[in-house]
Amino acid sequence: MAAEANTQAPLPSGQRSTAEVLRTVFGPVVQLFLFIIGSAVTLGLIVVLLALLQIGTRPDILTRTLTILPQVWIDGMVRGFLFATIALGYTMVYGVLEFINFAHGEIFMVGGVAGAAVGLFLANNELLKGMNGFFFVLLVVGVAMAVSGTLAVTVERVAYRPLRGAPRLVPLISAIGVSLVLQDLVRLMMTNSDLGFNARFNTPDFGKPIRLFEMTLGERPVPVILSPKALIFIVASIVMLVVLNYLVNATRLGKAIRATAQDMPTASLMGINVNRIVAMTFLIGGALGGAAGALFGLNVGTVNPYMGFIPGLKAFTAAVLGGIGNITGAMVGGVVLGFLEAFVASYLSLFTDGALSGAAYADIAAFSILILILIFRPSGLLGEATTQKV
Amino acid sequence: MTSTISSEGLWDRFRGMLSRGPTAYGFLGLYAAVCSWLLITNPRTSLSTDVVFVLLLLLLLFIYRSQVALPFRVGLVAILLGVIIPYFGTLNPFYIDVATQAGIFVALALGLNVVVGFAGLLDLGFVAFFAVGAYFWGILSTTQIAAFNPAWGPVPPILFYPFILLGLLLGAITGVLLGLPVLRLRGDYLAIVTLGFGEVIRVLANNLDRPINITNGSQGIRDIERPPLIFTDFVRGTLGWQLDDQQLYQQFFYFVVLLIVLVTVVIVSRLKLSRIGRAWEAIREDETAAIAQGIPLVRTKLLAFAVGASFAGAMGVVFASKQLFINPPTFDLLRSINILAMVILGGMGSIPGVILGAVLVTLLDLQLLPRTAAVLRDLQKSGVPIPEAFDPTQYQRLFFGLLLILMMIFRPSGIMPDERHKGELSEVAATRSRGRGEQDQQGGSEA
Amino acid sequence: MALLEAKNITKTFGGLTAVNDVTLSVEQGRIISVIGPNGAGKTTFFNMLTGIYKPDKGTITFDGKSIAGRKPNDIAALGIRRTFQNIRLFNNMTVLENVLVGMHTHLHAPFWQILTKLGGVQREEAEARKRARERLAYVGLDAQREELAKNLPYGDQRRLEIARALAGEPRLILLDEPTAGMNPQETDAATLLIQRLRDELKLTVVLIEHDMRLVMSISERISVLDYGTKIAEGDAQVIRSNPRVIEAYLGKGAAGAAAGPSVA
């Protein structure tokens, strides 16, 4: 798209067979599923093992561990896809500009708030009741993508582009500034509207939670449930990941993006409008972040102007975990981190008998992983080692 | 055209008169006298007093910039900081508190400047070291210490003084412990990891009330001990100043902070001009070239981290004691950003710049924003459409965020850049004015 | 005994062998050149000598001590200093400070002395400044000592890099394309300077250079790298008439026709 400058007919070698396109698009998705299953099984085995170690002193612990396990898996999937979709924005921008877009968490937040605003508007106009759930999700996600995508491009134009070529820390500091400004601007707008600081995310009725199956452990039956909203989240994320893979690996725009990421000066010599590609990268990353924000708000039920910060940090961790700059890596990193967090959050209090709060220490676990990965494998799970040029 | 040139010449001559020669002595002396007189005769908190107070602080900058005899400059600064401001503080406690707060942040900003400005390592979790120092004194000087061993009681308050040094040491140790694993990382990764570390410290402070209650969690620590006022008799008896305990503590903390700031300034200036300071700057400029000169990378960076963190640790002890109460939100990311904004505003690597930045940001925080808020409220009442929920004091992120972005885009080297850049800047100014001169000539020929 | 001895060193990046089984020995007080087409592995070879890369195979000894795989700062402290192909000065520091940084390994004032200004620190600092200015005067930059390094003209930046390397009082100095981008007059001045380093300061010099006139005029021995392998070694006469060298520079078939790579 951006390479339209040389509007030649596509070269024969540029045409790829359908099978090849399918492979490049779905290959990463398959890889992702392998990692999902791998993390789920590994972590599941670890908690069972830990439960067995404690079974002498606490006889009921194995039952309790197994009872919550399916729910933790679902939770891990939701968190994982959340981090994955946000991490994509970090990793795409990093791939092209070698720059950590610190404000990306806020782009995510803006998507959530935009979604909540749409929900509120519909509710105020009595349109929400009886609205088709599928249509609602499409609408909310669409608006969030448009708003966040536009915002990301604007931010790049205003606060990052003038600093291209400056020492590394300069745009990073500017990005931190953008992050703070966005938090407070959105807060100002929310508190001066009907949304309020903690805005409710109005949705139509999505129906009852889906009972996947029932387990009878011990005396009582325990149902394993999947809320429709979580299901929407997971399905929508997978669709977005597939579309993104198609976009990056099988289109002209994708080729131009990859070329720019490889070598910006050379790409520009090849007739690629580098500024436009950078803007497109921010647009795509921002739109994905916005969609994630809307889906997250929908899933959790409320949004607030500071909600982007911690998920943003964790998504960055996920991007580093998977190998920053690598799109499949960001997804894999997100999913692995999501599972890890879900397990720490659910099992830490259980295994320490309530002494340590799992929710608080899940954050610490995430940052510890970030530090460990950066020290021992800075290239991430899927990244390639890079050597410094002298 | 001729008028602009001659007015510029006039302005330069005017500035020269104010900063050099006998006129400069007169100007500075008169300025100091007028400001002091205005403050002391009219100490009520008001906008006009705010302005005079800021003018007085600005005078310190003029004195620093002027070219008069050193003893005169030192003497004038000593009178202003050592006599005028403390005396004014007995008349109006608000302003001496502002001055003390500014001093605390000057020391913190100078510490961060060692890490960010000298060594070029972006540390976004700097407040963690401050928290470590504050909790150190907070826990040990209160009954909170019983968490470790029910038999232990709080340390005697007189130990406050050695604890400042212990806080310094503890800060340095924490800096090294954090630095050891992360200092091999590239600059932008380091920023994120230190940010994560800052959050970890805050989360720990928030959650270490279980299983054993070390930090008292989100409740924070109350009734932190202050040192006994050993000089009460001297002040009330010998000097004849009838100050209550509250006022005496304000004076006390003002002078403690002032002393620490002075020591800090001396230390960072000496380090900057030593082999160590040069090694830091070399690393900032080019790591590969630095290591090729025989500079050990990790050890030198660790030293920067430790030195920066040690000031924060020591100030943490003083801060906890001054505030009497600390809790986790005191040490959130915004505080780290706040300190970073001071360094960036003033000029990374520039000691006078960073001091100026810290003072300006503190004034913005404590004086300008509340004043603007009051003005906005009045405007609102008179019917000007200003969003009701907009209270500038509640929107610090907005202001600091804007500050960071604008500084990076328009003046990344700060408002008072490192002295060394002077030559370069004047060169730029020279080419600019030359360009302007040519334009003027063209304009003239056209006319 | 040779001052520097690199034996059979090899370095690969991924599938690419950048330096393949290269042996080089440098006697005290010599000027040795390493030449070869672009991408022949010359800079990688330097990076191994200075510790930036660790060789996959082979040994490097300097003054009898093994240095292969040691940290760059340790190697610099032992007395090997270098300049860089793409000038790497400390841009926002002054010319004098750049040279003072070069002296880092010779300054030992402890931390407490720096803070208190007690003990020998002030004397050491004054002495260092004096020596730094001598170094600057030696390369002809004393007048510019208060300028920022980035504001120097190109040729002066190259000379400043040499002054900074000299400040470490090395026994061996490695110059990576010291005349790249210079005009003929500047190149002549640089040639003279390199000769003075050896004749007056008794330094041992190894240089990477593309300017054949310079290489042929001052090198006592020349080693030629091509595709990471040493293909020839000897004095200017030998190299000039070596068919493999001509082939490496001018391609196959040219070996017979051309007299030699006069200026590559």
Side-chain angles (χ1 to χ4, degrees), chain A residues 94 98-100 102-103 158-159 162-163 166-185 187-192 197 305-306 309-310 313-314 316-317 320 324 352-357 359-361 363-364 366-368 370-372 374-375 378 388-390, chain B residues 116 120-122 124 178 180-182 184-193 195-200 202-204 206-212 284-285 287-289 292 333-334 337 340-341 344 348 387-390 394-410 412:
Chain A
Y94 195 92
E98 293 217 347
F99 154 68
I100 300 173
F102 196 85
V158 174
L163 303 175
R168 281 185 105 92
L169 293 187
V170 169
L172 180 63
I173 291 171
S174 180
I176 294 168
V178 171
S179 156
L180 296 172
V181 167
L182 287 180
Q183 286 176 7
D184 260 7
L185 272 186
R187 180 160 71 101
L188 187 62
M189 277 156 50
M190 287 175 80
T191 48
N192 282 293
F197 182 81
Y306 297 153
F309 186 71
I310 293 287
L313 266 185
K314 288 185 184 157
F316 174 75
T317 305
V320 173
I324 196 153
T352 57
D353 207 7
L356 298 175
S357 136
Y361 286 91
D363 290 355
I364 294 187
F367 294 129
S368 312
L370 175 64
I371 295 176
L372 290 177
L374 284 176
I375 294 164
Q388 198 199 358
K389 290 175 197 150
V390 177
Chain B
V116 178
L121 309 165
L122 186 53
L124 295 178
L178 168 67
L180 264 180
V182 306
R184 283 162 219 275
L185 301 177
R186 231 188 27 216
D188 39 6
Y189 281 0
L190 180 75
I192 304 286
V193 170
L195 186 151
F197 172 74
E199 285 296 291
V200 165
R202 196 180 54 80
V203 171
L204 281 180
N206 225 339
N207 288 285
L208 276 184
D209 49 348
R210 283 185 306 162
I212 46 170
R284 179 192 70 197
E285 292 294 311
E287 284 195 3
T288 306
L333 174 71
L334 194 58
I337 301 280
L340 180 68
I344 284 167
M348 284 184 269
E388 221 167 274
F390 185 67
Q394 299 300 309
Y395 283 85
Q396 290 176 326
R397 286 163 197 256
L398 186 63
F399 294 108
F400 290 127
L402 278 176
L403 187 79
L404 292 182
I405 302 172
L406 295 176
M407 288 307 289
M408 283 303 108
I409 293 178
F410 296 108

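Heavy atoms of B/Ile409 lying under 4.5 Å from chain A belong to its backbone as well as its side chain. Contacts of B/Leu406 with chain A are absent, with no heavy-atom separation under 4.5 Å from either backbone or side chain. Neither the backbone nor the side chain of A/Leu372 comes within contact range of chain B, judged by heavy atoms closer than 4.5 Å. When heavy atoms are compared at a cutoff of 4.5 Å, B/Gln396 approaches chain A solely by way of its backbone atoms N, CA, C and O. With a threshold of 4.5 angstrom between heavy atoms, A/Phe197 does not approach chain B through any atom at all. Of the atoms belonging to B/Ile212, not a single heavy atom falls under 4.5 Å from chain A. Proximity to chain A is limited to the side chain of B/Leu124, based on heavy atoms less than 4.5 angstrom apart. Interface residue A/Ile173: backbone and side-chain heavy atoms are both found under 4.5 Å from chain B.
With contacts defined as side-chain heavy-atom distances shorter than 4.5 Å, the pair B/Leu402/A/Leu180 does not qualify. Between B/Met408 and A/Leu163 there is a side-chain heavy-atom pair separated by less than 4.5 Å. Taking 4.5 Å as the limit, some side-chain heavy atom of B/Gln394 sits within range of a side-chain heavy atom of A/Arg187.
With rounding to the nearest 0.5 angstrom, the CE atom of B/Met348 is 7.5 Å from the CG atom of A/Leu169. Here the CG-OH distance, from A/Leu172 to B/Tyr189, works out to 12.0 Å after rounding to the nearest 0.5 Å. In this structure, the separation between CG on B/Leu333 and OG on A/Ser179 is 8.0 Å, given to the nearest 0.5 Å. Between the CG atom of A/Asp184 and the OH atom of B/Tyr395 there is a distance of 6.0 Å, given to the nearest 0.5 Å. Atom CZ of A/Phe316 is separated from atom CD1 of B/Ile192 by 4.5 Å, given to the nearest 0.5 angstrom. Taken from CZ in A/Phe102 to CG in B/Leu404, the straight-line distance is 10.5 Å, to the nearest 0.5 Å.
Partners of A/Phe367 under the ring-ring contact (aromatic ring centres under 6.0 Å, His included) rule, at least two apart in sequence or in another chain, do not exist in this structure.
Most heavy-atom pairs under 4.5 Å with chain A, from the set B/Val116, B/Leu195, B/Leu403: that is B/Leu195. Interface summary for chain B: among A/Phe99, A/Tyr306, A/Phe309, the most heavy-atom pairs under 4.5 angstrom belong to A/Tyr306.
Nearest heavy-atom pair, B/Ile405 versus A/Ala159, reported as atom, atom and distance to 0.1 Å: CG2-CB, 4.1 Å. Nearest heavy-atom pair across A/Glu98 and B/Asp188 is O-OD2, 4.3 Å.
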Q. Should A/Ile176 and B/Phe400 be marked as a side chain to side chain contact (heavy atoms under 4.5 Å, CB included) after you check the CA-CA gap, both sets of side-chain angles, and the distance that decides it?
A. CA-CA 10 Å; A/Ile176 294 168; B/Phe400 290 127; over 6 Å; no
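At most 12 non-hydrogen atoms from other residues, nucleotides or ligands lie less than 6.0 angstrom from CZ of B/Arg184.
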